[in-house]
S.K.: 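I am attaching a structure below and will ask some questions about it afterwards.
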Amino acid sequence: MTPAIIAFVVLLLIGAPVAVVMAMSGLAGGFAMGGERMLGIIADRMFSGVSGFLLIAVPYFIFTAELMNQGGLTQKLIAFNNALFGRVRGALSHVNVSVSVFFAGLTGAAITDTVAIGKIMIPEMKKQGYDAEYAAAITACSSIIGPIIPPSVVMVVYATLLRDISVIDLFAGGIIPGLLMAVALLAVSFFLAWKRGYPKQPPTPLKVAAVAFLVALPAMIVPLIILGGILSGLTTITEASGFAAVYAITIGVVFYRNLTWRKIWHALVVTVRFSGVVFFLLATSAVLGWFVTRSGIARDAAGLITTFSDSTFLQLLLVCGLLILVGTVMDVLPALVVVAPVLVPAMIQLGVDPLHFAILMIVVLNISNVTPPVGMTLMTAARIANVPFERAIIASLPFYVAFIAVILLLVIFPSLSTWIPSLLG
């Protein structure tokens with residue numbers, strides 16, 4: 001075990017890519033356990049890590065999201081949501097959150113939401129008198145709802161790493177936590193808009209609102225296609241993701257008429273690049289996960305957690321704190337593939353419901369997306385807003401407090417994560 005830990009720490013400190021860190025530390029641990037005969041097993045583990053049929057859905061989800069971005073969907077959703085909130089003080093702030101909820105059912109990736117929504121909303125918010133750092137903060141914080149409300153690339157990866165939970169249960173389990181996060185953000189948004197006197201907009205005539213709804217409707221059907229097919233049992237995850245991609249091309253070319261072949265090609269290029277990163281991470285994480293299982297690290301981790309407290313509530317809070325710390329230095333997917341093989345078996349040994357812990361882990365790691373020093377969504381939003389990262393961090397603190405409240409609710413009430421999956425049987 002010691003060679004693996006040394007390799008992991010040293011490579012991480014020198015700034016090696018996370019995938020390389022996982023592969024080399026697993027290789028070092030395997031070699032220490034069984035010598036050269038383990039090399040063949042490690043190669044087999046890497047192949048098995050990316051050979052699951054479920055993973056075919058990952059590039060399809062990414063492709064669908066990029067098609068929607070290239071096809072101008074964001075503007076349609078913003079126009080519709082603006083018609084809903086226009087007369088309320090701080091309307092654009094609330095629109096930012098509500099658009100992210102709609103967008104979450106399309107993309108499943110936080111950084112995609114940040115770029116697609118931020119490039120439109122942040123300049124418009126600044127133009128109407130909102131503080132630039134506030135615009136960046138609300139955009140980044142609302143974007144992390146994307147991987148919580150299904151479909152979610154992170155959940156597909158999780159189901160591939162820990163095969164004791166189906167991705168359907170994960171999708172269903174993320175609905176209520178994602179909506180809770182949206183409600184928490186809206187509560188803070190309404191309070192800050194009232195306190196700071198952010199502007200209102202003229203009321204939207206009913207006819208204009210109806211037109212905005214009809215224009216956005218074909219795009220809003222995409223989540224229904226994906227979730228309806230999956231949760232009803234009519235389609236598999238892979239079939240639903242493929243059909244969603246075909247539907248996205250169809251409405252972009254035929255209905256909206258602004259999705260050109262050049263834009264489709266660009267969406268394909270982005271899909272290949274992002275998918276390559278995801279699959280390489282999965283291959284190398286399979287090596288580390290195999291070593292963790294063989295070495296008994298998960299068992300030792302469970303014993304360590306119990307030394308602090310016998311209370312499940314305090315144990316979960318301790319693990320959430322650890323996940324937040326991990327998320328401060330690593331992005332969501334790398335953090336997930338590093339810690340999940342260790343923490344999930346340990347928490348199951350302690351009697352925690354695996355689905356409850358899965359949703360809790362995904363929520364906490366995504367909240368870390370706005371936690372410095374990494375905080376990729378917040379950093380990206382700050383660049384779009386052209387404000388220093390430090391100012392965006394300060395502006396995001398009220399929203400971060402709201403997220404902590406959501407984490408506490410999920411810890412106290414496991415049924416928030418398990419109720420909908422239990423209804424589906």
S.K.: Let me know which of Leu360, Val411, Leu409, Leu179 forms a side chain to side chain contact (heavy atoms under 4.5 Å, CB included) with Leu416.
M.R.: Leu409

S.K.: With a 4.5 Å limit on heavy-atom distance, are the side chains of Tyr158 and Ser152 in contact?
M.R.: no

S.K.: Quick one: pull up CG in Leu185 and NE2 in His94 and give me the separation to the nearest 0.5 Å.
M.R.: 12.0 Å

S.K.: Kindly give the heavy-atom pair with the smallest separation between Cys320 and Ile407, and that separation in Å.
M.R.: SG-CG2, 4.0 Å

S.K.: Can you tell if the side chain of Ile175 reaches within under 4.5 Å of the side chain of Pro150, non-hydrogen atoms only?
M.R.: yes

S.K.: Are side-chain heavy atoms of Tyr60 and Thr271 found at a separation under 4.5 Å?
M.R.: no

S.K.: Could you check if a side-chain atom of Phe357 sits within less than 4.5 angstrom of a side-chain atom of Ile348, using non-hydrogen atoms only?
M.R.: no

S.K.: In the structure I gave you, are the side-chain heavy atoms of Ile393 and Glu133 within less than 4.5 Å of one another anywhere?
M.R.: no

S.K.: Check the pair Val319 / Met361 against side chain to side chain contact (heavy atoms under 4.5 Å, CB included), numbers first and verdict last.
M.R.: CA-CA 9 Å; Val319 172; Met361 174 181 282; 5.8 Å; no

S.K.: Checking side-chain polar atoms at under 3.5 Å, does Thr418 have a donor or acceptor matched by the opposite partner on His356?
M.R.: no

S.K.: For Ser189 and Ser93, which I'm curious about, is there any donor-acceptor pair between the side chains at under 3.5 Å?
M.R.: yes

S.K.: List the atom of Thr139, the atom of Thr114, and the distance in Å for their closest heavy-atom pair.
M.R.: CG2-O, 4.1 Å

S.K.: In Å, rounded to the nearest 0.5 Å, how long is the span from CG of Asn96 to CE of Met125?
M.R.: 5.5 Å

S.K.: To the nearest 0.5 Å, tell me how far Ile176 CD1 sits from Trp419 CH2.
M.R.: 5.5 Å

S.K.: Which word best sums up how the rings of Phe399 and Tyr134 line up, parallel for under 30°, tilted for 30 to 60°, or perpendicular for over 60°?
M.R.: tilted

S.K.: Please examine the side chains of Tyr256 and Val215, heavy atoms only from C-beta on, and report whether any two atoms are closer than 4.5 Å.
M.R.: yes

S.K.: Quick one: are Pro398 and Leu192 in side-chain contact, heavy atoms under 4.5 Å?
M.R.: yes

S.K.: Just checking Arg383: does its CZ atom have more than 12 heavy atoms from other residues, nucleotides or ligands closer to it than 6.0 angstrom?
M.R.: no

S.K.: Can you tell me how far OH of Tyr400 sits from OG1 of Thr371, rounded to the nearest 0.5 angstrom?
M.R.: 3.0 Å

S.K.: Give me the atom names and distance for the closest heavy-atom approach of Ala135 to Ile122.
M.R.: O-CG1, 3.9 Å

S.K.: Any idea which heavy atoms bring Leu365 and Leu323 closest together, and the distance?
M.R.: CD2-O, 3.7 Å

S.K.: Judged by atom type as modelled, is there a donor-acceptor pair below 3.5 Å linking the side chain of Thr260 to the main-chain atoms of Lys263?
M.R.: yes

S.K.: Do the side chain of Asn366 and the main chain of Ile362 share a donor and acceptor less than 3.5 angstrom apart?
M.R.: yes

S.K.: After noting the C-alpha distance and the side-chain angles of Ile138 and Val188, does the key distance pass the side chain to side chain contact (heavy atoms under 4.5 Å, CB included) rule?
M.R.: CA-CA 10 Å; Ile138 187 67; Val188 176; over 6 Å; no

S.K.: Can you tell me how far the CD1 atom of Ile56 sits from the OG1 atom of Thr238, to the nearest 0.5 Å?
M.R.: 5.5 Å

S.K.: Do side-chain atoms of Glu239 reach the backbone of Thr236 as a donor and acceptor pair under 3.5 angstrom?
M.R.: yes

S.K.: Any idea which heavy atoms bring Ser417 and Leu410 closest together, and the distance?
M.R.: OG-CD2, 4.1 Å

S.K.: Backbone N or O of Val97 within a donor-acceptor pair of the Ser142 side chain at under 3.5 Å?
M.R.: no

S.K.: Mind checking whether Val387 and Asp131 have side chains closer than 4.5 Å, heavy atoms only?
M.R.: no

S.K.: If you apply the rule side chain to side chain contact (heavy atoms under 4.5 Å, CB included), what do you find for Ile412 with Phe313, and how did you get there?
M.R.: CA-CA 7 Å; Ile412 297 170; Phe313 174 74; 3.7 Å; yes

S.K.: As an exercise, state the distance from CG of Leu408 to CZ of Phe403, rounded to the nearest 0.5 Å.
M.R.: 14.0 Å

S.K.: Between Thr380 and Ile384, does the side chain to side chain contact (heavy atoms under 4.5 Å, CB included) criterion hold? Intermediate values first, please.
M.R.: CA-CA 6 Å; Thr380 302; Ile384 296 173; 4.3 Å; yes

S.K.: Using modelled atom types and a 3.5 Å cut-off, is there a donor and acceptor pairing between side-chain atoms of Lys126 and backbone atoms of Ala385?
M.R.: yes

S.K.: Near Tyr130 OH, under 6.0 Å, is it more than 12 heavy atoms from other residues, nucleotides or ligands?
M.R.: yes

S.K.: Minimum heavy-atom separation for Ala340 and Pro345, please, with both atom names.
M.R.: O-CD, 3.6 Å

